[in-house]
Amino acid sequence: MRKVHLLTMLVVLALVISGASAALARQQVTITLMGWSSSTAENDALMTQVDAFMAANSGIKVNVNLVPEYDPTIQAAFASGDPPNVFYVDSSRLPDWAEAGVLASGEGKIENLDEHYESLLEAFTYNGTLYCPPKDFSIMALQYNKDMFDAAGLDYPTPDWTWEDLRAAAEALTGTDAEGRTVLGLVTPPNFERWLPFLYQAGGSVLNEDWTEVTLDSDEAREALEFYVGMARDGIAGPPSKVDAGWGGEAFGQRRVAMAMEGNWVIKYLLDQFPDLNWGVTELPRHPSGGQATMVFTVCYGVAADNDYPEESWKLANFLTGPEGSTMVAEEGFGVIPPAKSAAEVWLQAISEEYGAGFLAGAPYAHKWQFPVGFGEVFDTFNAGLQLAFDGQALPEDVIVDTAAVAEEVLAR
Amino acid sequence: MATAQPLPAPVDAERRSPLAVALTALSWTVLILFAALEIFPFVFTVANSFKCLPAVQTYPRSIIPVPPFGVECTYQDGERAGASRSPSETSGAATFNPTLEGYREILDANLPRWLVNTGFFAVAVTILRLAFDSLAGYALARLKFPGNRLLFFTILGTMMVPPIVLLIPRFIILKQFSMLNTYQGLIVPLAVDAFGIFLMKQFFESIPGEIEEAALVDGANRFVLFWRVVLPMATPALTALAIFSFQGTWNDFLMPLLILSGNKDLWTLPLGLSFLRGAYGETLRWHAFLAGSVITTLPLALIFFYFQRYFVEGISYSGLKG
């Protein structure tokens with residue numbers, strides 16, 4: 001009898017131990033977060049966020065893996081069938097990855113929906129499915145060199161500026177500097193996405209709502225491109241290469257242009273590399289009819305479809321993008337704007353109203369940077385045509401027609 | 001007392017035609033021009049690595065440092081946190097006040113570790129390649145066995161496959177062997193290469209067989225023959241191979257990127273530098289980045305100059321003596 005009793009106790013003990021160890025094993029979950037590197041300070045801030053998450057969720061260990069050259073690295077990870085649990089997704093890559101089935105659907109998983117800007121959630125919705133919560137965003141706005149405006153006796157740009165005001169100012173600000181170098185009124189990069197705000201302001205569009213039809217070939221598009229190219233043809237604007245710069249921000253910092261239309265990534269760049277520059281920022285000008293538009297470039301935390309720990313992954317994504325998590329980044333005042341609306345306000349204070357307000361103001365009416373799979377060809381056609389148009393070797397109208405034709409072709413595939 | 005020998009009278013240079021002089025002058029001019037073109041980016045890199053961040057962006061670009069060396073880029077407290085002193089204070093038209101800030105920043109960013117990793121990786125791959133490529137090359141050049149030629153052409157054939165095609169399969173194989181994010185995962189796939197085998201085989205074939213026969217007569221076995229006789233004669237080919245593989249692995253980016261990206265402690269210099277550049281480059285801190293470039297380039301340049309001596313020496317060796 002006693003013996004049996006002892007045996008039972010041993011069995012029970014063994015069960016308890018194995019159960020406990022199983023529970024322990026379940027607690028030791030490690031998930032991987034993959035992204036690309038930003039500035040050292042931003043990378044450190046992400047680590048702080050992740051540490052806070054791990055402190056609040058003792059069972060989850062997060063392995064942060066920031067890599068140079070993100071695209072080939074993550075493609076290899078997808079191909080090997082062992083993708084990271086959570087990873088950065090640029091809004092322009094969302095259609096590709098959603099089509100490839102590597103992204104888990106975020107429907108019913110994403111929290112704090114009302115904390116996010118509509119335009120951002122829309123950027124991560126593909127075919128009616130919301131995939132991932134926004135990580136941060138950047139918005140295009142108009143930067144202007146205050147010293148140049150003062151010297152020309154012009155008033156600083158305001159949000160109610162129209163295309164005509166922009167053109168008149170660019171004309172007045174074009175000239176040469178003390179070293180005899182050309183100074184342009186405005187830098188107009190030869191890229192589709194830089195021209196798109198003008199198209200949207202004029203009331204045009206590239207595709208219809210559900211991406212079934214190409215609507216680019218329109219009077220609005222012609223008007224917008226003629227305006228964009230016209231300034232360059234008249235010598236009051238031009239691509240960065242015209243003023244020996246690699247991109248708009250550099251041209252602006254070097255004082256070779258009086259105005260630029262960059263996103264908020266330019267703030268830190270200008271403050272760090274051109275501390276002497278006296279500049280301000282406001283919203284992009286409007287179409288004379290009042291049409292207002294800008295572009296938003298945004299990134300989200302995608303969760304892998306092929307995932308051993310979906311619950312934990314969503315927990316992490318929600319924490320990083322929620323009010324608490326994103327406020328931790330907002331306080332640092334980096335170049336990119338944190339996703340939650342409350343955090344965006346904190347960001348504005350951290351980076352100063354002076355530099356941040358003009359960018360943030362565009363959030364409610366910004367258009368997403370996202371097109372169907374395979375649209376790279378369309379951008380290439382447009383960009384090559386735009387470069388020719390700047391040099392007077394192509395007519396804006398032809399660029400529109402050619403680009404629309406390529407878009408039709410891509411869409412028909 | 002030895003009488004001072006009169007120095008031989010300088011041989012009057014044969015009268016050179018004006019055309020020859022002009023040609024010499026022209027060739028020197030062209031050579032100097034191209035040398036300057038080649039060296040300028042390097043000078044520019046070195047000069048800018050000793051500047052403050054805003055000074056890098058100042059026009060006109062200056063390349064002459066003025067003492068005192070090690071001037072601090074003082075950070076003004078106040079409205080613009082992180083702003084360095086103004087460019088006008090740190091640089092003139094042609095000169096600038098040098099600073100070590102870029103080097104300090106890059107050293108803080110784990111550069112010493114990357115340097116050690118890169119050195120270990122490059123040395124390991126180079127040694128393994130010298131060993132395996134020369135063994136394989138010798139076997140293909142001298143040993144008669146069935147399928148010798150077929151094997152050689154198969155190896156040669158792998159050179160026709162663009163390396164980029166092999167990336168993903170290689171990644172998957174390494175993953176199956178659990179060798180991702182390890183040193184061996186980076187080193188083993190590169191330990192032998194087709195080009196090296198080809199190079200060594202061609203060189204061994206150019207060595208006269210009589211030398212080996214003489215050694216065989218003296219009682220040497222195949223390995224002793226290879227080790228004591230053939231290999232020392234192959235110095236030029238070995239040096240060339242060493243330089244190629246060391247340089248190639250030192251600068252390699254794609255392989256380390258795919259294989260090591262998960263473990264930051266194993267990163268090599270090109271990976272680390274690219275990481276500092278950021279995703280879009282607008283966060284690029286030029287002075288630190290260029291300081292890192294100088295540190296990346298310097299060991300390679302020194303090794304090249306050192307080996308170049310042997311390289312030239314080796315070529316003169318290869319002529320058979322008496």
Side-chain angles (χ1 to χ4, degrees), chain A residues 32 34-43 63-82 84 88 90 138 177 179 181 244 246-247 249-250 253-256 262-263 265-277 297 299 333-335 352 354-355, chain B residues 52-60 75-76 79-89 93 105 108-109 164 167-176 180-181 253-254 256-264 267 270-288:
Chain A
T32 305
M34 191 188 273
W36 55 77
S37 71
S38 311
S39 63
T40 317
E42 273 174 83
N43 297 343
N63 192 355
V64 178
N65 184 7
L66 300 180
V67 297
E69 300 298 317
Y70 183 67
D71 261 31
T73 315
I74 192 128
Q75 298 288 5
F78 286 149
S80 75
D82 186 21
Y88 292 9
D90 192 282
S138 299
D177 64 8
E179 272 115 11
R181 299 177 300 169
D244 319 316
W247 62 292
E250 190 186 350
Q254 300 277 13
R255 298 170 173 80
R256 299 294 304 276
E262 293 292 332
W265 54 79
V266 82
I267 305 177
K268 278 281 161 190
Y269 172 78
L270 292 176
L271 293 184
D272 277 358
Q273 316 224 354
F274 302 95
D276 279 357
L277 196 73
F297 303 95
V299 174
F334 293 129
S352 83
E354 185 188 358
Y355 296 124
Chain B
C52 289
L53 183 54
V56 175
Q57 295 280 14
T58 308
Y59 182 90
Y75 282 79
Q76 304 161 336
E79 75 279 21
R80 282 179 188 179
S84 325
R85 65 158 76 178
S86 77
S88 49
E89 280 175 69
E105 223 175 288
D108 286 346
I164 199 92
L167 272 183
I168 299 286
R170 196 177 268 178
F171 181 86
I172 293 172
I173 290 171
L174 287 172
K175 184 179 133 52
Q176 283 164 353
L180 286 180
N181 300 315
F253 177 74
L254 217 48
L257 172 71
L258 288 185
I259 293 165
L260 300 179
S261 64
N263 189 346
K264 216 176 165 182
W267 280 10
L271 270 193
L273 282 186
S274 165
F275 184 76
L276 287 179
R277 191 175 59 90
Y280 300 106
E282 82 281 348
T283 54
L284 176 55
R285 298 177 68 78
W286 276 109
H287 58 329

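Throughout, protein chains are lettered first and strands after them, A, B, ... in sequence-line order, and every chain is numbered starting at 1. Values below: all heavy atoms of this structure, side chains included; hydrogens, waters and symmetry mates excluded.
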Between atom [atom1] of [X] and atom [atom2] of [Y], what is the distance when rounded to the nearest 0.5 Å?
{"X": "A:Phe274", "Y": "B:Thr58", "atom1": "CZ", "atom2": "OG1", "value": "8.0 Å"}
{"X": "A:Ser80", "Y": "B:Ile168", "atom1": "OG", "atom2": "CD1", "value": "8.5 Å"}
{"X": "B:Ile172", "Y": "A:Asp82", "atom1": "CD1", "atom2": "CG", "value": "11.0 Å"}
{"X": "B:Leu276", "Y": "A:Asn43", "atom1": "CG", "atom2": "CG", "value": "9.0 Å"}

Non-hydrogen atoms of [X] and [Y] that approach each other most closely:
{"X": "A:Thr73", "Y": "B:Ser261", "answer": "CG2-OG, 3.3 Å"}
{"X": "A:Pro68", "Y": "B:Trp267", "answer": "CD-CH2, 3.7 Å"}
{"X": "B:Leu257", "Y": "A:Pro72", "answer": "CD2-CG, 4.0 Å"}

Expected output: side-chain A:Gln273 to main-chain B:Trp286 donor-acceptor under 3.5 Å: no
Checking heavy atoms, do the side chain of A:Arg181, its backbone, both or neither come under 4.5 Å from chain B? side chain
Name the region of A:Gln254, side chain, backbone, both or neither, that has any atom closer than 4.5 Å to a heavy atom of chain B. side chain
How about A:Tyr269 and B:Gln57: do any of their side-chain heavy atoms sit closer than 4.5 Å? yes
Non-hydrogen atoms of chain A under 4.5 Å away: do they reach the side chain of B:Leu271, the backbone, both or neither? both
